[in-house]
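Note sheet for the following structure.
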Number of protein chains: 2
Amino acid sequence: MKSVLLATAIFAWITIPVAADDQSLMKDAKSHFKPIPSLVPAVKDNAVTHDKVELGKMLFFDPRLSASHLISCNTCHNMSMGGDDNLETSIGHGWAKGPRNAPTVLNAVFNIAQFWDGRASDLKTQAKGPIQAGVEMNNTPKVVEETLLSIPTYVAKFKSAFPNEAQPVTFDNLARAIEAFEATLITPASRFDQFLEGKLDALDATEKTGLRLFVDKGCVACHSGVNVGGEAYYPFGVVEKPGADILPAKDRGRFEVTKTADADYVFRAGPLRNIALTAPYFHSGKVWDLKQAVAIMATSQLGTKLNDPEIEAITAFLCSLTGEQPRVELPILPVSTTKTPLPK
Amino acid sequence: MKSVLLATAIFAWITIPVAADDQSLMKDAKSHFKPIPSLVPAVKDNAVTHDKVELGKMLFFDPRLSASHLISCNTCHNMSMGGDDNLETSIGHGWAKGPRNAPTVLNAVFNIAQFWDGRASDLKTQAKGPIQAGVEMNNTPKVVEETLLSIPTYVAKFKSAFPNEAQPVTFDNLARAIEAFEATLITPASRFDQFLEGKLDALDATEKTGLRLFVDKGCVACHSGVNVGGEAYYPFGVVEKPGADILPAKDRGRFEVTKTADADYVFRAGPLRNIALTAPYFHSGKVWDLKQAVAIMATSQLGTKLNDPEIEAITAFLCSLTGEQPRVELPILPVSTTKTPLPK
């Protein structure tokens, strides 16, 4: 009997204060972050229907959206690799390198706007960009529409996805279908989400320390909300501009969109969901090590030099943001016909 | 009673002779062809185990096998598009164009040997080629092994797949795992297979006419067996060499392998399974229209000029060779580490 009492006493002594800290940490975290929902979110002006998602998935994987017939959306937003290409900047038509690191498509539906400079207000606008960019898929809306119209299965699928339209096979509807599919690419149930939802042992001690530091040091000022970032725009180098190796002078970020001085070197705060899967980091893609990225953010944005244990802990916390990856069965694409424009 | 008898009489008059023809056609077809099995075939010197297939699937989809980290096996052997890239010749590292049309990986396990010139005796030998080819993935076995060894999940998966080996993470074992996965990429249950197995109405009248012509005109001399081709080597232009636009003079085919005069412009007969999905055609990839390919084969290999209905019928028969496509869930690839060689 004595030994049982003793065990209980020790147990209480060890765990109760920790649990109180955990409760307080969870409460703090809940004031800054929201869990990824387990259901597909609604999308503005674009009902996410089954037929539209199915069509959008086919289009997402179809390299015939590119002039070369080699590059699909999935080439740079690879579902096997955290929804991006894990390259410094993407390789596109003619082996051209793009100007910025490809952001992940996972949970992109939760971002305030799309692209590093937020120039596309939503995913349907975003989807039209890379298809037409010379250094990406290098195609035109006209050729894309001709391609889709030449393939009877696509014509039928557009009719099902957009049942009330006389001419449903349009570049705009292609973008809507891709947006609907992309809205399904969410990654719920990360260990951090489980913690937010009350499972206090979902994070280990180091990760909890990292979360506490992430909040207390001020990372959370830019990286908050459901995507732990992606919600607003900030200058890269609030306190101290990093070197041109990381922040190349020629890319002035959101300035190119707004042409206002206050947007100089301003970027959308990186959404940190699944960040452990999406190296290299920053819009320049120049940093491969997440710990180095954390250290750079601390000095450039907060004017703080973190010590090694702090960097380790914050990095450990960031790794807890990896959610359940979408399980995607490859679509079987409908075959081209003799009317389909040939690759260029 | 009278009307029932009459109906029976008409029915017998119309269908019995046709059924007899069908039986005879099926019997003839069975003497030349075999159905695709519904079970994964055994592979010589490489047991197809669950762990090996799972590893092989990851490797097949992993662009880190290429120097650029952009190109995976699936880039040119796309599971969404009949197991090839539907390009004249493949686009590889640095946007280089390969010398020959990419053959489909589907049912490739049934071919006598791999590549258009048969220079790889099996799929595990084949798999090592494109990884190292400068115009394809442009990598080296050393860098591939370093890459795999830098990723703990891969190390563990190689240990499971090759449990009796002290150092299982090797380029050879990578090739074995890819071969094991590729052996699963078979497409049973085409309508032609159903016909072969006794379902006489699985082919329509035109397709049956096409099959009859395919046998009687002599196409079957080269295109027979389980893959309706892929079983032996023949000169392109037995009777009459096609023009250099289709048979470029510089590509002498199997001559490059054997260096013997009898191998000049000799190629492995194209396996015709899923041929409707894998335009463009021939080793040169110069012909996009299957009907045109049929007409060229007739003149060049058989010295026969087919008329339009014959071409239509043979083409219709070839379209009945499309089997059930493999349903592949994209693997979630293990993340790189700071030890992983960077893309080049």
Side-chain angles (χ1 to χ4, degrees), chain A residues 57-58 60-64 66 68-72 74-76 78-83 85-88 90-97 187 274-280 285 288-292 319 322 324-340 342-344, chain B residues 57-58 60-64 66 68-72 74-76 78-83 85-97 187 274-280 285 288-292 319 322 324-340 342-343:
Chain A
K57 178 175 150 181
M58 292 168 76
F60 189 88
F61 281 94
D62 199 327
R64 290 169 296 188
S66 66
S68 65
H69 288 200
L70 181 70
I71 303 168
S72 72
N74 192 67
T75 302
C76 301
N78 191 332
M79 291 292 113
S80 291
M81 305 175 77
D85 54 11
N86 294 11
L87 296 176
E88 184 175 307
S90 297
I91 296 171
H93 192 88
W95 212 254
K97 303 255 166 109
T187 66
N274 303 294
I275 194 72
L277 308 182
T278 61
W288 286 86
D289 183 352
L290 186 52
K291 283 186 268 191
Q292 190 192 346
C319 290
T322 302
E324 276 180 11
Q325 302 298 294
R327 310 304 301 202
V328 177
E329 187 182 277
L330 271 178
I332 303 301
L333 298 175
V335 71
S336 294
T337 66
T338 50
K339 289 180 187 160
T340 307
L342 294 181
K344 279 174 205 151
Chain B
K57 178 175 152 181
M58 293 167 77
F60 188 89
F61 281 95
D62 199 327
R64 290 169 296 187
S66 65
S68 65
H69 288 200
L70 180 70
I71 302 169
S72 71
N74 192 66
T75 302
C76 300
N78 191 331
M79 291 293 111
S80 290
M81 305 176 76
D85 54 11
N86 295 10
L87 296 177
E88 185 176 305
T89 63
S90 297
I91 297 171
H93 192 88
W95 212 254
K97 302 255 166 109
T187 66
N274 303 294
I275 194 73
L277 308 182
T278 60
W288 286 85
D289 183 351
L290 186 52
K291 283 186 268 192
Q292 191 193 345
C319 291
T322 303
E324 277 180 10
Q325 301 299 294
R327 310 305 300 202
V328 177
E329 188 182 276
L330 271 178
I332 303 301
L333 297 176
V335 71
S336 293
T337 66
T338 50
K339 289 180 187 160
T340 307
L342 294 181

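We name chains A, B, ... by the order of the sequence lines, and we start the count at 1 in each one.
One N or O on the side chain of A:S80 and one on the backbone of B:P331 form a donor-acceptor pair closer than 3.5 Å.
The two residues B:V335 and A:L277 have their closest heavy-atom pair at CG2-CA, 3.9 Å. Heavy-atom minimum distance, A:M81 versus B:L333: CG-CD1, 3.9 Å. Between A:P326 and B:I332, the closest heavy-atom pair is O-CD1, 3.9 Å.
Annotation: maximal heavy-atom pairing with chain B below 4.5 Å, among A:L87, A:D62, A:D85, occurs at A:L87. Among the candidates B:N78, B:T338, B:T75, B:L70, the residue making the largest number of heavy-atom pairs closer than 4.5 Å to chain A is B:L70. Counting heavy-atom pairs closer than 4.5 Å to chain B, the top residue among A:H93, A:K291, A:Q325 is A:H93.
Only the side chain of B:L342 comes within contact range of chain A, judged by heavy atoms closer than 4.5 Å. Of the atoms belonging to A:A276, it is backbone heavy atoms, and not side-chain ones, that fall under 4.5 Å from chain B.
Inter-residue side-chain proximity for B:W95 and A:S68 is flagged as met; some heavy-atom pair is nearer than 4.5 Å.
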